[in-house]
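Only a predicted model underlies this, so the values are computations on that prediction, with no experimental measurement involved.
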2 protein chains.
Amino acid sequence: MALFSKDIQTMNDLFVHTLQDVYYAEHQITEALPKMIEKATSPQLRQGFETHLRETEGQIRRLEQVFEMHGEKPKQVTCPAINGIIKEANEIAGDVGDKDVLDAALAAAAQAVEHYEISRYGSLAAWAKELGRHDCAQLLEQTLAEEKATDAKLTEMAEARLNRQAA
Amino acid sequence: MALFSKDIQTMNDLFVHTLQDVYYAEHQITEALPKMIEKATSPQLRQGFETHLRETEGQIRRLEQVFEMHGEKPKQVTCPAINGIIKEANEIAGDVGDKDVLDAALAAAAQAVEHYEISRYGSLAAWAKELGRHDCAQLLEQTLAEEKATDAKLTEMAEARLNRQAA
């Protein structure tokens, strides 16, 4: 959420601005994921990222539907939060020596991304309802459910590492 | 996670580096919260932020305990993710005109911060267990539970807005 905040006077302004913020974030994620796929060594993690890339593309289409339903043109505004999260992911991924450690770092970076999205889609769905746009809320909640499922899968992978080690 | 990533070779390096990252993040949050308290108009939101500020100070002490238990000196490394999240919060909070809209934006910004912390403490607790440091994991999980509770309270406030409006 940046630059345009002076224009935010109503809940509708806040809703549209945050849609634009997340629309930007999702595009950044589609650019970051291929690099993460390339770096991941565990086939399970790599496959998880590939699935998430396809899901993210679907989430972009869903955001475009929400814009359209709400009478707005899809537009991106720079989101410093996702830029910071991805910058951190790239920095950590760039130079970890051991491949298992790199996989753990990549999975954690992906969870930071997921949690950012969970917080934003949660707010957007609540605001859509507040604005009486239950149709938009329903689409936003579909994405929210996908993000939560992806986060849960990444947590499972972290637990599986632990169990493998204990065995 | 920045700058020092070349030194990350083992799960222990990743664990310590992420502790330093979160230690930096918590300090940034204690600087950001007083400004958010000042801007919040709903007494409930303001009180929520005040409680969270005290909790954050406790979480910093708890991180210092974890560093000490693990034989490390508490140290901060710059965390681009939290910097981005706080930058976004400041930008949005700076210029929203209406006080109810500002409260909604502030609560959402706080949830983005909470979710970042939830993802990091979740990873740290899992890695502590992987390293056989169940004592550290226990402390990290205490903070994780606090962050989840704060996020749930903020969601309740968003839902209360909705119900107030429907009434």
Chemist: Quick one, I92(A) and T18(B) - any side-chain contact, counting heavy atoms below 4.5 Å?
Modeler: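 Result no, sub-4.5 Å side-chain heavy-atom pair not found.
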Chemist: At a heavy-atom separation under 4.5 Å, does S123(B) approach chain A through its side chain, its backbone, both, or neither?
Modeler: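 Looking at S123(B), just its side chain touches chain A.
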Chemist: Is it true that atom CD of Q142(B) has more than 12 heavy atoms of other residues, nucleotides or ligands lying nearer than 6.0 Å?
Modeler: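 Yes.
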Chemist: Other residues, nucleotides and ligands only: do more than 12 of their heavy atoms fall within 6.0 Å of CD on E72(B)?
Modeler: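 Check passes, neighbour count above 12.
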Chemist: Any chance you could measure H115(A), atom NE2, to E147(B), atom CD, to the nearest 0.5 Å?
Modeler: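 Atom-to-atom, H115(A):NE2 and E147(B):CD are 11.5 Å apart.
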Chemist: Please report the interatomic distance OG1(T10(A)) to CG(D100(B)), rounded to the nearest 0.5 Å.
Modeler: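 Rounded to the nearest 0.5 Å, the OG1-CG separation comes to 12.0 Å.
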Chemist: Where on N83(B) is there a heavy atom nearer than 4.5 Å to chain A: the side chain, the backbone, both, or neither?
Modeler: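 Contact with chain A involves no heavy atom of N83(B) at all.
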Chemist: Of all heavy-atom pairs between P80(A) and E91(B), which one has the smallest distance, and what is that distance?
Modeler: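 Distance-wise, the nearest heavy atoms are CG-OE1, 3.9 Å.
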Chemist: Do D13(B) and V96(A) come within less than 4.5 Å of each other through their side chains, counting heavy atoms only?
Modeler: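 No; the side chains remain at least 4.5 Å from each other.
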Chemist: To check you understand the geometry: which heavy-atom pair defines the closest contact between Q9(B) and V101(A), and what is its length?
Modeler: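 So the two residues come closest at O-CG2, 3.5 Å.
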Chemist: Does a sphere of radius 6.0 Å around CD in E64(B) hold more than 12 heavy atoms from other residues, nucleotides or ligands, not counting ones at 6.0 Å or beyond?
Modeler: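 More than 12 within 6.0 Å, yes.
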Chemist: Using every non-hydrogen atom in the two residues, find where R120(B) and A112(A) come nearest and quote the distance to one decimal.
Modeler: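 So the two residues come closest at NH2-CB, 4.0 Å.
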Chemist: Quick check on E57(A): does its CD atom have over 12 non-hydrogen neighbours (other residues, nucleotides or ligands) under 6.0 Å away?
Modeler: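 Counting neighbours around CD of E57(A), more than 12 heavy atoms of other residues, nucleotides or ligands fall under 6.0 Å, so yes.
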Chemist: So, taking the atom named CD1 in I85(A) and the one named CD1 in I85(B), what distance separates them when rounded to the nearest 0.5 Å?
Modeler: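 I85(A) atom CD1 to I85(B) atom CD1 measures 4.0 Å (nearest 0.5 Å).
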Chemist: Between atom CG of D98(B) and atom CE of M11(A), what is the distance when rounded to the nearest 0.5 Å?
Modeler: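 One gets 9.5 Å once the value is rounded to the nearest 0.5 Å.
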Chemist: Kindly give the heavy-atom pair with the smallest separation between A104(B) and L14(A), and that separation in Å.
Modeler: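 Result for this residue pair: CB-CD2, 3.9 Å.
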